[in-house]
S.K.: 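Submitted below is the structure of interest, expressed as structure tokens.
All figures in this text were calculated on a predicted structure; none of them were measured in a lab. By convention in this document, chain letters (A, B, ...) are assigned in the order of the sequence lines, proteins followed by strands, and residues within each chain are numbered from 1.
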Amino acid sequence: MQGEPLLKIENLVKHFNVRLGAFGERGATVHALDDVNFEIIEGETLSLVGESGCGKSTTGFTILNLHQATSGKVIYKGENIATFDDKAMRPLRRDLQIVFQDPYSTLNPRMTIGEAVGEPILFHKLCTKAELPDRINRLLTDVGLPPRFAGRYPHELSGGQRQRVAIARALACEPKFIVCDEAISALDVSIQAQIINLLLDLQEKYGLTYLFIAHDLAVVRHISDRVGVMYLGRLAELATREQLFANPLHPYTQALLSAVPEADPVLEKTRQRQVLQGDVPSPLNPPTGCRFHTRCPIAQEVCAQTIPEWRQIEPGHMVACHMVPGGLHA
Amino acid sequence: MATIPMTPAELDEPKTSLWRDAWYRLVRNKLAIFGLFVIIVLAFAAAFGPYLTPYDFLSQDLDARNAAPSWAHLFGTDDLGRDVFSRVIYGTRTAFVVAIVVTAIAVTIGVALGAMAGFFGGWLDRIIMWLTDVTMSVPNLLLVVVINASLKAPLAAWMEAQYMATLNPFFRETIWVDFILVFGSMALISWPPYARLVRAQVLSIRSRPYITAARALGLTTRIILMRYVVPNAVGPLIVSVSAGLGTAMVLESAFSFLGVGVNPPTPSWGNMISDGLRVWQHYPHLLAAPAAVLGLATVGFSFLGDGLNDALNPRGSK
């Protein structure tokens, strides 16, 4: 792996306390994120995939300190930003940005596109008031919108156009790192392709680093440098794109990949589908040991008892599974 | 990359603000404009009418009692020969003063308590919501009747005592007792809906994704409140205030009708209706005139409220 790590995530944990029962009489803990370790290399696109509710988005939110981490570290520029309060985070928000899933609900309906894009520029004092219209025009052009859209309101735009606005707003801060939280999931397939290409173009132009949270493996395969697979709040496997798609080690990854349809009808006929039994267990009461053992086709007794170690099997290929042989201890 | 589909040229006019947008939508709504027109006419009558009416609302012409409407007396005269038209116009002033003051007090209390409940949550929220529930659970008319019946006499006696002690003519004006009690008791029953509305608004806006997005941009809480929470919360409040003004007028009339509102001889639509009801078989104009104006005012405010509701909701159908 070449390049310097931009962010280091160490033993990150995020639990939500919730109240259950008709009168909120029972307290409970949602184990949204447990003991997650990985690095994000400058300039790369790291994708996180997994089923709904597996903690992908929570990872993104917690890295950006939009959720306060329960424990663990997020190291950025040598500092653990997971413990920063709002005020300490403020200057760093410029570098670390996010594009959300639903652009309509994340744009203020009472602000024009120009105001929405211009606000962070003025707030972070990135240019003078006189230069602002120019800056907004440039940003809108960058994301493929005509500058005259600056006077429009979000409800006057289509879904794809709104997502472009959301991207322009994130870019306005001149960030180094952008979390794309299911940024294309709410869009039509044809628009998805446009937005993906836009994100890739911008990455090249501005040297951006992406944490791409998605559940569409075809998209992930297209854009990622590295891919992390999450299951029920833990990382199951993390590898380069080539390693992961050619040689998936974790049984959960294998099951996920086997669910991707083949475009070729001949191959599709012979495709071995590995259908997992049962549902994802509740994160309120996650299984002991390996969280996947309740649905794992090759689970042994040890899987129900001990949490598997996060091991490096080959350079750059990490996995957490008792049944994967060999490997160097990380 | 594919090009962005271009929209029709007429959509490209620069739009200055969502408020102006809302105004355009409101102007296109004929019923709302009718309501606005009625309200403006009535407000004008309330402000300047008493100076323009041909008769004083108290001057009696005992030779022309219970006269039917004529050119000299547009709405006729009542049983003391007073000009009903002048009295209705003066009643408009009473209605507007009561409606505006009561709504202002109720909105102030409601917004303050509702915003606190929604923003801080926890036990404060529970106490405030408990208070609104308790207030709303008491029948409105009953509460006002009880307050007025039990407090009016002691308060008037207190005013009398103050006058005797200080000889300050201010204390002779028992009309103040009336107004304070009417304003106070009506505000007391009117604030809970505003508190609930504002609380719900603040709660729902606080958890909107665009608030998270604003936090992700690093904006301060103050900017988020001023630019994100408040502009998105005031729309429904404006609608509710417009409808609330009409409701307050009806309430005032209802209380005056029951004799717990504004006291005679100050004209109020309610006590005029009450007087007219006793003789309407013989002199229908005494009932018809104040009732019709009250109805018109109510319809005006409710049309305007509906129009504002449609205009301020940007997703509303055209």
S.K.: Going by the side-chain contact (heavy atoms from CB on, under 4.5 Å) test, name the single residue among A:Ile98, A:Leu66, A:Leu64 that passes it with B:Thr212.
M.R.: A:Leu66
S.K.: Would you compute the distance between atom CZ of B:Arg227 and atom CD of A:Glu119 and round it to the nearest 0.5 angstrom?
M.R.: 4.5 Å
S.K.: Which atoms form the tightest heavy-atom contact between B:Arg215 and A:Asp86, and what is the distance?
M.R.: NH2-OD1, 4.1 Å
S.K.: Can you see which heavy atom on A:Leu107 is nearest to which on B:Tyr210, and at what distance?
M.R.: O-CD2, 3.7 Å
S.K.: Where do A:His124 and B:Leu217 come nearest, in terms of heavy atoms and distance?
M.R.: NE2-O, 2.7 Å
S.K.: Does A:Tyr206, at its OH atom, have more than 12 non-hydrogen atoms belonging to other residues, nucleotides or ligands within less than 6.0 Å?
M.R.: yes
S.K.: Is there a donor-acceptor contact under 3.5 Å from the side chain of A:Arg110 to the main chain of B:Tyr228?
M.R.: no
S.K.: Output the option from A:Arg94, A:Gln97, A:Arg93 having the highest count of non-hydrogen pairs under 4.5 Å with chain B.
M.R.: A:Arg93
S.K.: Just how far is it from atom CG of B:Asn232 to atom CG of A:Asn108, taken to the nearest 0.5 Å?
M.R.: 5.0 Å
S.K.: Out of curiosity, B:Thr220 OG1 to A:Phe123 CZ, how far, rounded to the nearest 0.5 Å?
M.R.: 5.0 Å
S.K.: Within this structure, what is the OG1-CD1 distance for the pair A:Thr106 and B:Ile211, rounded to the nearest 0.5 Å?
M.R.: 11.5 Å
S.K.: For B:Ala213 versus A:Arg169, what's the shortest heavy-atom pair and its separation?
M.R.: CB-NH2, 3.4 Å
S.K.: At a heavy-atom separation under 4.5 Å, does A:Asp102 approach chain B through its side chain, its backbone, both, or neither?
M.R.: neither
